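Remember, it's a predicted structure, so these values are computed and weren't measured experimentally.
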Amino acid sequence: GSVDALALKLTRLVRQGMLRQLVRVSSPAAGGIAEFESYSEVPQVIYDPSTAQDIEVTPERLTLVYDVVGHRPALSK
């Protein structure tokens with residue numbers, strides 16, 4: 001279906017170096033906290049500036065996002 005076609009196109013663009021795939025950690029209170037190059041870089045606990053507390057990183061708080069190569073990411077680590 002169309003989801004499979006989109007996944008294939010995104011994968012191709014990543015392999016061609018036109019897009020970067022990032023793992024975004026989101027706060028339950030205020031959206032994205034940080035982005036990482038891979039799942040293995042994501043910490044188990046991360047500081048959430050919107051609540052001024054450390055939060056546990058759970059699968060529900062992770063999202064794959066794509067960034068155009070050569071542009072600054074929306075979030076910085």
Side-chain angles (χ1 to χ4, degrees):
S2 62
V3 172
D4 292 335
L6 176 61
L8 287 172
K9 288 180 184 191
L10 288 171
T11 298
R12 187 174 304 130
L13 291 169
V14 169
R15 286 185 183 155
Q16 291 172 347
M18 298 178 76
L19 291 179
R20 285 188 320 149
Q21 179 177 285
L22 301 167
V23 181
R24 179 177 288 169
V25 179
S26 294
S27 161
I33 297 173
E35 294 171 347
F36 299 89
E37 297 286 330
S38 69
Y39 284 109
S40 63
E41 292 181 11
V42 177
Q44 292 182 347
V45 175
I46 195 167
Y47 180 73
D48 181 351
S50 66
T51 62
Q53 296 180 10
D54 287 337
I55 61 168
E56 182 180 357
V57 177
T58 60
E60 297 81 23
R61 294 193 175 130
L62 299 178
T63 307
L64 281 180
V65 296
Y66 294 87
D67 183 38
V68 176
V69 171
H71 287 75
R72 289 178 44 180
L75 300 173
S76 57
K77 293 185 210 176

Gln16, CD: over 12 other non-hydrogen atoms inside 6.0 angstrom: yes
Partner residues of Leu62 under the side chain to side chain contact (heavy atoms under 4.5 Å, CB included) criterion, sequence neighbours left out: Val23, Val25, Tyr39, Val42, Val57
Any residue meeting side chain to side chain donor-acceptor pair (under 3.5 Å) with Glu60, in chain and number order, not counting sequence neighbours: Thr58
For Ser26, side chain to side chain donor-acceptor pair (under 3.5 Å) partners two or more places apart: none
Nearest-0.5 Å distance that lies between atom CZ in Arg61 and atom CD1 in Ile55: 4.5 Å
Any residue meeting side chain to side chain contact (heavy atoms under 4.5 Å, CB included) with Val65, in chain and number order, not counting sequence neighbours: Leu22, Arg24, Glu35, Thr63
Side chain to side chain, Asp54 and Ile46, heavy atoms closer than 4.5 Å: no
Residues which pass side chain to side chain contact (heavy atoms under 4.5 Å, CB included) with Gln21, listed by chain and number, not counting sequence neighbours: Val14, Leu64, Tyr66
Validation row: Thr51, Pro28 side chains within 4.5 angstrom (heavy atoms): no
Listing, residues 5-12 side-chain donor-acceptor contacts under 3.5 Å, not counting sequence neighbours, or none:
| from | atom 1 | to | atom 2 | distance (Å) |
| --- | --- | --- | --- | --- |
| Thr11 | OG1 | Ala7 | O | 2.9 |

Counterpart residues, side chain to side chain contact (heavy atoms under 4.5 Å, CB included), relative to Ser40 (two or more places apart): Ser38
Shortest non-hydrogen contact between Pro43 and Phe36, atoms and distance: CD-CZ, 3.6 Å
Verdict with reasoning, Val69 to Arg20, per side-chain contact (heavy atoms from CB on, under 4.5 Å): CA-CA 6 Å; Val69 171; Arg20 285 188 320 149; 3.8 Å; yes
